[in-house]
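Keep in mind that the numbers below use all heavy atoms, side chains included, and drop hydrogens, waters and symmetry copies. Reminder, nothing fancy here: chain letters follow the sequence lines and each chain counts from 1.
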2 protein chains.
Amino acid sequence: MKLNVSPDTIPPRGHEAKRVSIMDAAGKVFCRESFAGANIDMIAAEAGVSRQTIYNHHGDKENLFVAIVRDLTERCNAGIFATISTFPDQPKDLEADLIAFAVRMNRNCVCNRDGKFLRKLIQTEGERYPELFAEWREQGPGQTWPAIAARFARLAHAGFLDIEDPDVAARQFLALANAELQTTFMLGGTPDDDEVLQSATHGVRTFLRAFGKRQSAADAQEHSPLTGA
Amino acid sequence: MKLNVSPDTIPPRGHEAKRVSIMDAAGKVFCRESFAGANIDMIAAEAGVSRQTIYNHHGDKENLFVAIVRDLTERCNAGIFATISTFPDQPKDLEADLIAFAVRMNRNCVCNRDGKFLRKLIQTEGERYPELFAEWREQGPGQTWPAIAARFARLAHAGFLDIEDPDVAARQFLALANAELQTTFMLGGTPDDDEVLQSATHGVRTFLRAFGKRQSAADAQEHSPLTGA
DNA sequence: GACGAATTAGACAAGAGTGTCTAAATTTGT
DNA sequence: ACAAATTTAGACACTCTTGTCTAATTCGTC
């Protein structure tokens with residue numbers, strides 16, 4: 001079943017191995033060196049492939065670059081939506097569940113390889129390829145922010161939160177979740193698990209101080225009055 | 001007094017005009033094209049100067065780049081500290097004063113030409129010049145975050161805010177202030193005054209919902225009970 | 001007006017990168 | 001094992017860029 005998927009479009013099979021190897025290496029190199037700074041020989045060497053093979057597959061450098069960005073955009077968005085689907089719609093422990101969600105969001109969408117690469121390519125080359133990155137903008141933030149906002153609206157409607165504008169709250173939630181990772185991101189670093197957890201914990205606590213129900217919660221569980229301190 | 005400053009190191013004066021013209025153009029071009037993508041002829045043309053003049057002034061391309069980053073770092077930090085000194089230590093209207101401060105911070109340090117350029121250069125070339133950007137990190141975030149944290153600590157001590165960890169609060173304040181400008185920043189755009197004000201207003205409101213005093217404020221003025229809604 | 005310093009245009013060599021081409025070697029499916 | 005497709009190494013022309021050099025020109029100062 002898995003061996004002969006679409007045997008007419010995709011030629012043999014080793015072909016595909018080379019292809020992913022090239023995409024892999026090209027992403028890494030474009031990201032590290034920028035489009036102008038990257039050269040095909042570098043990518044070929046890193047992919048363990050001859051230069052000619054890259055030209056066979058992608059035609060020219062610009063074509064390769066566009067393919068990389070499209071690929072990263074697609075994979076990142078898939079990851080984001082997969083993560084959004086784990087949003088705690090019926091939280092048992094609101095703080096813990098939101099922290100866990102924030103950590104997942106950061107780990108699976110922002111700090112992972114694809115997220116880091118896509119972010120850097122957008123920052124570096126975004127101005128040069130307006131329509132390519134407009135595509136990202138529409139499918140990325142344009143889709144994910146409303147999706148998260150909808151989840152927060154539902155949570156508010158269910159009485160767990162006190163939110164007026166779910167769009168604003170969603171953006172602020174994400175901003176708070178990685179408030180402490182900004183400097184690391186700037187220099188292209190990857191925060192470790194501890195940093196991610198710290199930032200998410202502090203961010204969610206502040207978020208709940210702002211938007212959490214005071215006491216008249218619909219979920220009258222054993223919620224301790226965490227307003228204090 | 002101002003005409004002949006240090007007449008031995010800095011030669012004449014038209015010299016200086018060329019110098020700033022070069023720095024100006026080089027910043028613009030490096031930022032737009034990345035280090036590898038920029039070329040000296042482009043910069044010379046944009047500066048209205050011959051290529052040779054650039055080599056006379058800076059020796060080579062890398063030297064020029066380093067000079068640009070140093071210059072931007074210095075000017076940005078000066079701007080940040082100048083802005084921090086306008087922090088509302090004795091607020092009349094806490095919300096309005098913090099919003100105004102957040103707007104100043106964004107307009108003078110983040111959205112202006114220097115801030116935009118420096119941010120982009122750090123993102124794009126940071127990994128390639130570790131010690132150069134370590135310098136930025138130490139003088140920039142390493143100095144400004146504690147400075148803002150100290151102001152918030154003072155504000156908390158004076159009874160205006162309810163903050164446990166001023167460092168965390170400071171980072172979150174900044175993150176909230178431009179939570180809604182992230183996408184624009186990503187693509188190298190410059191948010192207009194309205195966007196900046198919007199983001200700052202929403203950010204500060206959330207910040208105060210989280211860290212504002214409920215009612216036992218030391219400043220028992222005509223503070224309306226804005227906890228509601 | 002004259003002197004010295006700085007700027008300029010242009011040519012230049014040297015190097016690096018892109019994209020093409022060819023012939024040989026390898027891999028793949030049958 | 002055979003035939004087709006793919007990959008490979010290497011050479012190649014072409015372009016672009018850097019950094020240097022030179023001679024002429026312009027600019028600021030005295």
Side-chain angles (χ1 to χ4, degrees), chain A residues 1-26 28-68 124-125 128-129, chain B residues 2-26 28-68 125 128-129:
Chain A
M1 285 298 174
K2 238 181 182 176
L3 295 172
N4 52 354
V5 254
S6 55
D8 52 271
T9 54
I10 297 170
R13 184 169 63 257
H15 200 64
E16 204 50 28
K18 301 277 179 191
R19 172 160 255 122
V20 307
S21 163
I22 290 170
M23 297 291 273
D24 224 59
K28 210 185 303 180
V29 174
F30 277 136
C31 191
R32 194 177 62 227
E33 314 280 346
S34 86
F35 179 80
N39 70 22
I40 302 288
D41 293 299
M42 229 185 270
I43 297 172
E46 198 125 0
V49 151
S50 86
R51 175 172 63 249
Q52 185 59 39
T53 301
I54 295 181
Y55 283 106
N56 288 344
H57 280 242
H58 291 99
D60 68 9
K61 191 180 173 183
E62 182 149 334
N63 238 303
L64 174 59
F65 178 76
V66 171
I68 299 295
T124 306
E125 317 288 348
R128 194 186 313 288
Y129 297 85
Chain B
K2 237 179 182 177
L3 295 170
N4 53 353
V5 253
S6 56
D8 51 272
T9 54
I10 296 170
R13 182 170 65 258
H15 200 63
E16 204 51 28
K18 300 278 179 189
R19 171 160 255 120
V20 308
S21 163
I22 291 170
M23 298 291 275
D24 223 60
K28 209 184 302 180
V29 174
F30 277 136
C31 190
R32 192 176 65 227
E33 313 281 346
S34 85
F35 179 80
N39 70 24
I40 302 288
D41 293 301
M42 230 184 271
I43 297 172
E46 197 124 2
V49 151
S50 86
R51 177 172 62 249
Q52 186 58 39
T53 300
I54 295 182
Y55 283 106
N56 288 344
H57 279 243
H58 293 99
D60 69 10
K61 190 180 174 184
E62 182 148 335
N63 237 305
L64 173 59
F65 177 76
V66 171
I68 300 295
E125 316 288 348
R128 194 188 314 288
Y129 297 85

Picking from [options], which would you name as closest to the side chain of [X]?
X        : options                   : answer
Asn56(B) : dG19(C), dT8(C), dA11(C)  : dT8(C)
Asn39(B) : dG19(D), dT17(D), dT8(C)  : dT17(D)
Asp41(B) : dT18(D), dG19(D), dT20(C) : dT18(D)

Does Arg32(B) come within less than 4.0 Å of Glu46(B), counting only side-chain N to carboxylate O?
->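 Yes, charged N to carboxylate O under 4.0 Å.
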
Taking only Lys NZ, Arg NE, NH1 and NH2, and the carboxylate oxygens of Asp or Glu, determine whether Lys28(A) and Glu33(A) approach each other closer than 4.0 Å.
-> no

Determine the contact category for Ala38(B): base if any of its heavy atoms lies under 4.0 Å from a base atom, sugar-phosphate if only primed atoms, P, OP1 or OP2 are that close, otherwise nothing.
->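 It contacts sugar-phosphate atoms only.
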
Could you tell me the separation between the [atom1] atom of [X] and the [atom2] atom of [N], rounded to a whole number of Å?
X        : N       : atom1 : atom2 : answer
Phe65(B) : dT18(D) : CZ    : P     : 14 Å
Gln52(A) : dT26(C) : CD    : P     : 18 Å
Glu16(B) : dT29(D) : CD    : P     : 13 Å

Indicate whether OP1 or OP2 belonging to [N] is found under 4.0 Å from a side-chain N or O atom of [X].
X        : N      : value
Thr53(A) : dT7(D) : no
His57(A) : dT7(D) : yes
Lys18(B) : dT8(C) : yes
Ser50(A) : dT8(D) : yes

Phe30(A) vs Phe35(A) aromatic rings, parallel, tilted or perpendicular, using cut-offs 30° and 60°?
-> parallel

Which residue lies toward the 5' end of DNA chain C, Gly59(A) or Met42(A), if each is placed at its nearest nucleotide?
-> Met42(A)

